[in-house]
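Report on the following structure.
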Amino acid sequence: MSEKPEHFIIDGKRLDGRRVDELRSVKIKLSPLDRADGSCYLEWGRNKIMAAVYGPRELHPRHRQDMTKAVVQYRYNMAAFSVNDRIRPGHSRRSIEISKVGRDAFEYVLFTKFFPKTAIDIFIEVLQADAGTRTAGINAASLALADAGIPMRGLISACAVGKVDGEIVLDLMKEEDNFGEADVPVAMTAGGKITHLQMDGHLTRDEFYEALKLAKIGCDKVYKLQRQALIEKYSGEYAENDEDAIPQAQIGDADE
Amino acid sequence: MSEKPEHFIIDGKRLDGRRVDELRSVKIKLSPLDRADGSCYLEWGRNKIMAAVYGPRELHPRHRQDMTKAVVQYRYNMAAFSVNDRIRPGHSRRSIEISKVGRDAFEYVLFTKFFPKTAIDIFIEVLQADAGTRTAGINAASLALADAGIPMRGLISACAVGKVDGEIVLDLMKEEDNFGEADVPVAMTAGGKITHLQMDGHLTRDEFYEALKLAKIGCDKVYKLQRQALIEKYSGEYAENDEDAIPQAQIGDADE
Amino acid sequence: MSEKPEHFIIDGKRLDGRRVDELRSVKIKLSPLDRADGSCYLEWGRNKIMAAVYGPRELHPRHRQDMTKAVVQYRYNMAAFSVNDRIRPGHSRRSIEISKVGRDAFEYVLFTKFFPKTAIDIFIEVLQADAGTRTAGINAASLALADAGIPMRGLISACAVGKVDGEIVLDLMKEEDNFGEADVPVAMTAGGKITHLQMDGHLTRDEFYEALKLAKIGCDKVYKLQRQALIEKYSGEYAENDEDAIPQAQIGDADE
Amino acid sequence: MSDDVMAEIHRDYLFNLVLKGERDDGRAFDEFRDISIETGVAGMAEGSALVTLGDTQILVGIKIQPGEPFPDTPDVGVIITNAELIPMASPEYEAGPPREGAIEIARVVDRGIRESKAIDLEKLCMIEGEKVWIIFIDIHVLNNGGNIIDAASIGSIAALLSTTLPAERYGLGEDSPLPVRDIPVAVTAIEFGGELLLDPSLEEGKLAGTVYTVITNSDGGISGMQKSGIEPLTIDQVMRVVDMAGTAAVKIREKFLEV
Amino acid sequence: MSDDVMAEIHRDYLFNLVLKGERDDGRAFDEFRDISIETGVAGMAEGSALVTLGDTQILVGIKIQPGEPFPDTPDVGVIITNAELIPMASPEYEAGPPREGAIEIARVVDRGIRESKAIDLEKLCMIEGEKVWIIFIDIHVLNNGGNIIDAASIGSIAALLSTTLPAERYGLGEDSPLPVRDIPVAVTAIEFGGELLLDPSLEEGKLAGTVYTVITNSDGGISGMQKSGIEPLTIDQVMRVVDMAGTAAVKIREKFLEV
Amino acid sequence: MSDDVMAEIHRDYLFNLVLKGERDDGRAFDEFRDISIETGVAGMAEGSALVTLGDTQILVGIKIQPGEPFPDTPDVGVIITNAELIPMASPEYEAGPPREGAIEIARVVDRGIRESKAIDLEKLCMIEGEKVWIIFIDIHVLNNGGNIIDAASIGSIAALLSTTLPAERYGLGEDSPLPVRDIPVAVTAIEFGGELLLDPSLEEGKLAGTVYTVITNSDGGISGMQKSGIEPLTIDQVMRVVDMAGTAAVKIREKFLEV
């Protein structure tokens with residue numbers, strides 16, 4: 001682990017030049033994989049994330065099927081070489097927890113009741129990690145689900161907020177995450193319904209409230225980027241035949 | 001491991017003041033847990049044991065079901081903090097063996113033929129260990145089975161006998177177990193039918209016979225304590241309606 | 001590991017006195033085990049191999065059954081004490097790979113289509129290892145299959161060829177395997193159809209071609225030994241009734 | 001009637017109760033069930049606590065041994081938290097290695113203790129980069145009566161407060177109390193019928209669409225949170241739970257004075 | 001006729017035989033099947049023995065390497081006993097890690113060797129608390145023809161008697177024989193139809209309600225016992241097996257002179 | 001029409017194409033699909049390469065750390081190769097530890113690198129018997145479009161060529177490039193309808209009775225081979241693949257100049 005910087009914010013600028021309410025640069029590529037039903041490659045700052053979706057498809061073994069709805073499965077995995085010290089392949093306790101809360105982040109927007117006995121499988125591979133992989137993974141998963149054409153109430157958008165040098169800031173980078181005072185990953189629908197929320201560190205009640213409001217601003221920005229990526233990808237394909245062919249549900253707001 | 005004492009028996013008294021044919025103090029609490037169908041908390045000297053019973057209940061996965069009888073499952077487990085050096089959670093070879101012979105100790109008294117396709121699950125958790133946990137576990141399990149109302153030919157009662165300072169003694173405590181010459185855990189029906197028997201150390205044929213006879217005396221004492229605990233618990237509940245409501249099979253003798 | 005010898009071939013003789021195209025001594029014992037449907041004990045130089053075959057028999061769990069053919073299962077295992085440094089019991093990556101290619105070596109000669117939903121199980125136990133255990137195992141398996149009376153197009157015969165001191169030699173012994181320049185395990189039908197082939201080390205194209213031709217010679221020798229063993233075992237049993245009773249398919253050539 | 005129908009009826013019953021502002025066991029929405037804490041119950045452990053929260057019973061044991069620090073934090077002690085949902089505790093639990101539910105519980109409790117800086121980990125370093133105290137927190141759930149996470153959190157900090165550093169056993173000086181300097185308390189709410197209920201019973205927990213835990217410290221600050229479950233929460237709902245949790249934690253922290 | 005009916009008939013047949021004082025293979029109740037012991041069969045092992053007991057075939061190999069003692073017994077060597085019921089040996093065995101049956105066998109054999117003090121473990125300590133010899137006893141069952149535990153016990157002590165301490169390979173002095181000073185012998189009985197039969201065949205073992213093993217030493221003393229199976233035994237029955245086992249063990253021990 | 005019937009028709013279609021000397025995607029029998037190699041894509045790795053071979057996408061990352069050598073090779077570095085067929089890459093892959101398919105891929109790639117002596121392992125020894133560099137080659141299959149083994153082989157050596165020894169991070173001197181001195185290339189053929197086809201697509205691979213891989217070095221020599229699948233090959237067929245593989249490998253090796 002590198003040394004703790006003396007200051008994280010100097011003249012309103014963070015170590016990488018961002019303002020406190022600014023996201024890292026984001027690059028989205030839809031459908032990079034052809035075997036999966038939907039996929040998305042996402043660069044979020046120095047994070048590199050691949051997400052793929054399969055389903056709804058038959059769930060094996062059969063005794064795990066739910067007669068009333070699709071079972072959502074979410075697998076967050078870090079490549080062995082995605083961090084400085086090699087990770088042993090396979091599940092860790094950390095990845096099991098992140099997979100669980102990742103799954104919980106999506107069930108609300110998936111019409112699981114439409115697909116009893118099936119599985120909707122969401123796979124996240126972290127290829128390069130630099131703080132914020134769980135929220136970046138949720139953003140990529142959201143786009144991969146849309147890319148797979150799986151009916152959703154709307155997209156899920158995620159970002160982390162935190163506290164460094166006593167200030168609430170958006171989207172912690174590595175140093176801010178390692179040495180900062182708090183980290184709050186959040187995922188929301190476009191309408192601000194929170195489907196994922198964790199926190200560690202130390203915040204007063206009012207700081208936390210401020211953090212939540214900043215998270216809403218961040219998620220709104222993410223949502224615009226996601227929507228833009230889907231429109232670029234799909235408007236071209238459908239535009240000639242039908243202006244309305246972009247499935248609104250996919251890029252719309254679950255809360256409207 | 002502490003130092004070996006020079007003598008284990010001085011003036012007919014053992015290190016903790018007991019005579020050679022005396023049990024450690026026993027404390028029984030029935031039904032301490034409400035989720036299980038039956039349960040028993042047992043303090044046996046410094047041992048603290050929790051036993052719980054579920055069943056007869058459906059056995060999963062189905063291919064493990066026996067069409068002709070209930071499958072008895074017995075899980076002996078030591079809490080990570082039950083001994084001086086922390087135990088890694090999960091099965092050890094020792095706990096697997098103890099679970100197997102524990103299961104064998106009960107099948108004779110359970111009317112498994114009455115409950116085909118089901119499981120009778122017996123769980124033993126050792127919370128604090130001080131020699132004799134397997135026999136203490138059997139005693140607690142016996143009471144938990146009775147507490148669960150599972151039909152039995154009778155109770156099983158268990159204790160260990162051993163040899164220290166050349167003498168056959170009842171119910172080895174920790175130091176006697178660590179440094180003694182032999183250890184013989186035994187479980188019996190009230191009529192003296194042996195359902196569990198192991199031995200290690202070194203005994204002559206005649207010493208072993210003497211040990212077995214002392215084990216019978218010890219098991220008789222245990223049986224009285226068990227019966228007493230059941231009467232105290234259940235006679236109150238049923239007494240007003242029916243003097244005979246204490247199910248005799250539960251606290252009776254399988255051999256009568 | 002011992003020191004590398006200065007020369008592997010002196011005056012046309014190898015370290016153990018063999019010529020370059022000579023096999024180590026081979027000893028075959030059929031049906032040493034009575035529980036298995038067929039078995040073979042094979043000594044190959046200092047290697048000691050036990051092979052057993054069960055099947056065709058019902059395959060569990062059922063979801064692994066193939067409706068169109070028998071599933072061939074092959075388990076190559078080294079006893080913990082079969083090599084100098086004790087091996088932890090259980091599958092290693094090496095044994096998993098050898099089991100896979102061993103299975104592949106036999107499917108061509110087994111009439112799997114005759115036995116849908118079943119398993120043909122081939123078990124190889126290496127009791128003493130001294131280079132060439134995978135080919136020795138295939139030879140033993142081939143005989144155990146014949147011993148089990150499982151219909152086959154013909155036997156499989158295997159040996160390794162390699163390169164030491166710049167020469168292509170048959171059937172590497174331990175020192176030649178450890179310090180040699182290449183190792184090529186091969187298995188064939190009697191007609192020279194290759195069902196198993198691996199290679200590591202360094203060979204030119206022409207050296208490899210020479211090696212393959214030497215492997216054919218080696219496999220032919222092995223085939224004769226296998227055939228001889230089967231005739232000795234089975235001709236006696238059947239000879240009185242029927243000269244032709246030795247099942248030709250078992251010891252014949254899959255390619256005729 | 002089938003189990004499903006029974007469950008449906010029971011759900012409707014509880015739902016209608018909540019609409020009337022009531023709970024099945026008569027509690028107010030922000031009211032905890034009875035809590036009792038007994039320490040020192042596991043005599044082979046360096047510290048232990050048996051917590052009952054309503055019908056829930058959890059035994060937490062602390063074991064401590066010397067060992068190596070993590071390479072990236074060479075100057076502080078190590079905390080390893082493990083939760084076992086043993087099959088004794090519930091008909092739904094199965095034997096085997098911890099699954100995601102048990103792992104989540106352990107990790108949330110662990111974060112609460114770690115992030116609140118409740119244990120002075122610097123004091124657990126003996127030789128930088130070489131030798132530190134390793135603290136094992138083992139959470140043994142004996143009876144699942146609902147809201148395991150809060151009971152586990154209470155049990156863990158109670159057990160730590162009762163813990164002795166076993167220096168003598170390892171020839172490393174004199175025994176001393178574990179340096180604990182805060183009492184983080186987890187408070188869990190569920191959302192049900194639009195209402196927020198603290199300390200869900202087993203029944204309530206099964207019906208909950210969302211389970212949301214807030215861990216607060218003695219200074220009122222927040223050191224950990226975890227939302228799980230599939231229903232979303234609004235920012236307003238989140239803040240309401242934060243406020244309820246802060247108030248409830250103060251009351252729970254008073255329990256520690258009674259131990 | 002179904003397998004079940006066949007099994008039932010066969011059971012009745014064996015039961016009636018026993019009532020007449022006979023066994024299927026003509027043996028007396030206290031008679032063992034033929035035993036053969038061949039040592040040195042696994043040349044890479046420090047010691048080995050192939051034992052056949054009727055149709056049962058077991059290969060035991062001994063590997064020895066230097067290593068650390070257990071913390072609570074710093075001045076003695078270590079014995080680690082493992083049994084593999086490989087799927088080759090029986091249609092009922094499955095591949096995978098040892099299950100309770102294999103673990104029980106290994107542990108009973110281990111106790112017999114350990115408790116009889118057959119190996120002078122003090123002599124296997126090189127540097128107290130640091131370096132001792134670790135002895136791995138690996139029991140490889142090749143063919144299950146019944147009564148594995150006795151064959152494994154015989155094979156283990158035979159293999160140990162043939163074992164050389166490989167000191168030279170590790171640069172730790174000269175090779176020497178393993179210091180073995182007793183020959184513990186396990187003798188197993190089953191209870192069937194009220195009778196006690198030694199050395200059960202595979203068929204007999206399947207019908208047995210109880211399997212009871214007694215391990216005796218050269219001095220006639222008992223160093224280990226294990227009862228498994230669901231039928232109970234009376235004290236009288238136990239003592240009868242103890243006496244039969246002592247007598248049988250003497251005869252089996254004579255076999256070792258022939259090796 | 002059922003899936004089986006569709007598969008049968010497709011099989012016949014491809015079979016008839018092959019009889020006419022054609023492939024579904026228009027390639028010649030000895031022609032590879034498009035290959036692209038991009039290095040340095042995984043910035044936390046010491047080296048990495050993303051390879052696309054037709055639809056197949058594989059990311060290989062290299063991690064290096066100091067560690068102990070194997071006891072029997074005390075004076076050389078260690079290579080550990082691992083392949084993960086993650087469930088993202090194909091509907092047929094399942095989560096969990098590597099199965100035989102992934103293990104075979106990793107071991108074949110590993111042998112090609114090891115036996116070609118592509119890495120100068122002697123230079124990775126720091127202190128004989130004590131400290132060497134350990135090289136982890138992690139093969140991450142992102143999209144299975146067929147012929148994973150060749151793509152993994154190309155990706156592994158490309159990643160190694162881009163790798164820096166991270167000496168500074170461990171205080172072990174200055175960073176330097178990994179000493180790579182050859183480019184072993186795996187070329188895989190399948191047998192189908194009596195013909196030999198290089199670089200099988202996913203569809204072709206499913207129909208193949210045999211998959212046969214030949215690894216050649218810059219000098220034209222062969223350093224590794226692996227035949228899998230149930231159909232046999234004649235000596236002639238084997239030699240034809242060897243010759244085709246040598247020619248193809250030369251072309252593939254040219255790709256490395258473009259990186």
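What you see below is based on every heavy atom in this structure, not just the backbone, and it leaves out hydrogens, waters and symmetry mates. Note that the structure is a prediction, hence the values are computed from the model and not measured. Order of the sequence lines fixes the chain letters, A, B, ..., with proteins taken first and strands second; residue numbering starts at 1 for each chain.
Note on Lys100(A), Arg205(A), Met199(A), Lys216(A): by heavy-atom pairs under 4.5 Å with chain D, the leading option is Met199(A). Chain A forms more heavy-atom pairs under 4.5 Å with one residue of Lys117(D), Arg99(D), Glu115(D), Arg114(D) than with any other, namely Glu115(D). When each of His202(A), Lys213(A), Glu107(A) is scored by its heavy-atom pairs under 4.5 Å with chain D, the top score falls to His202(A). If you tally non-hydrogen atom pairs under 4.5 Å between each of Val72(A), Val186(A), Ile96(A) and chain D, the highest count goes to Ile96(A). Among His91(A), Arg94(A), Glu207(A), the residue making the largest number of heavy-atom pairs under 4.5 Å with chain D is Arg94(A).
Contacts between Asp110(D) and chain A at a heavy-atom distance below 4.5 Å are absent for every atom of the residue. For chain D, the nearby part of His196(A) is the backbone; its heavy atoms alone come within less than 4.5 Å.
The CE atom of Met188(A) sits 10.0 Å away from atom OG1 of Thr234(D), with the distance rounded to the nearest 0.5 Å. Rounding to the nearest 0.5 Å gives a distance of 9.5 Å between CZ of Arg111(D) and CG of Asp183(A). Taken to the nearest 0.5 Å, the CG atom of Asp200(A) stands 9.5 Å off from the CZ atom of Arg107(D).
Around the CD atom of Glu92(D), the shell of radius 6.0 Å holds more than 12 heavy atoms that belong to other residues, nucleotides or ligands. Counting heavy-atom neighbours within 6.0 Å of Lys69(A) NZ, excluding the residue itself, gives a total above 12.
Side-chain contact check for Phe106(A) versus Ile230(D): every heavy-atom pair is 4.5 Å or farther apart. Side-chain atoms of Leu197(A) and Leu233(D), non-hydrogen and from C-beta on, never get closer than 4.5 Å to each other. At least one side-chain heavy atom of Tyr209(A) sits under 4.5 Å from a side-chain heavy atom of Ile235(D). Here the side chains of Pro232(D) and Thr195(A) are in contact, with some heavy-atom distance below 4.5 Å. At a threshold of 4.5 Å between non-hydrogen side-chain atoms, the residues Val101(A) and Glu104(D) count as touching.
Of all heavy-atom pairs spanning Ala106(D) and Arg93(A), the tightest one is CB-NH2, 3.3 Å.
Residues from residues 210-228 of chain D that place a non-hydrogen atom less than 4.5 Å from a non-hydrogen atom of chain A comprise Tyr212(D), Asn217(D), Asp219(D), Gly221(D), Ile222(D), Ser223(D), Gly224(D), Met225(D), Gln226(D), Lys227(D), Ser228(D), given in numerical order.
Looking at Glu100(D) and Arg103(A), a side-chain N of the basic residue comes within less than 4.0 Å of a carboxylate O on the acidic one, giving a salt bridge.
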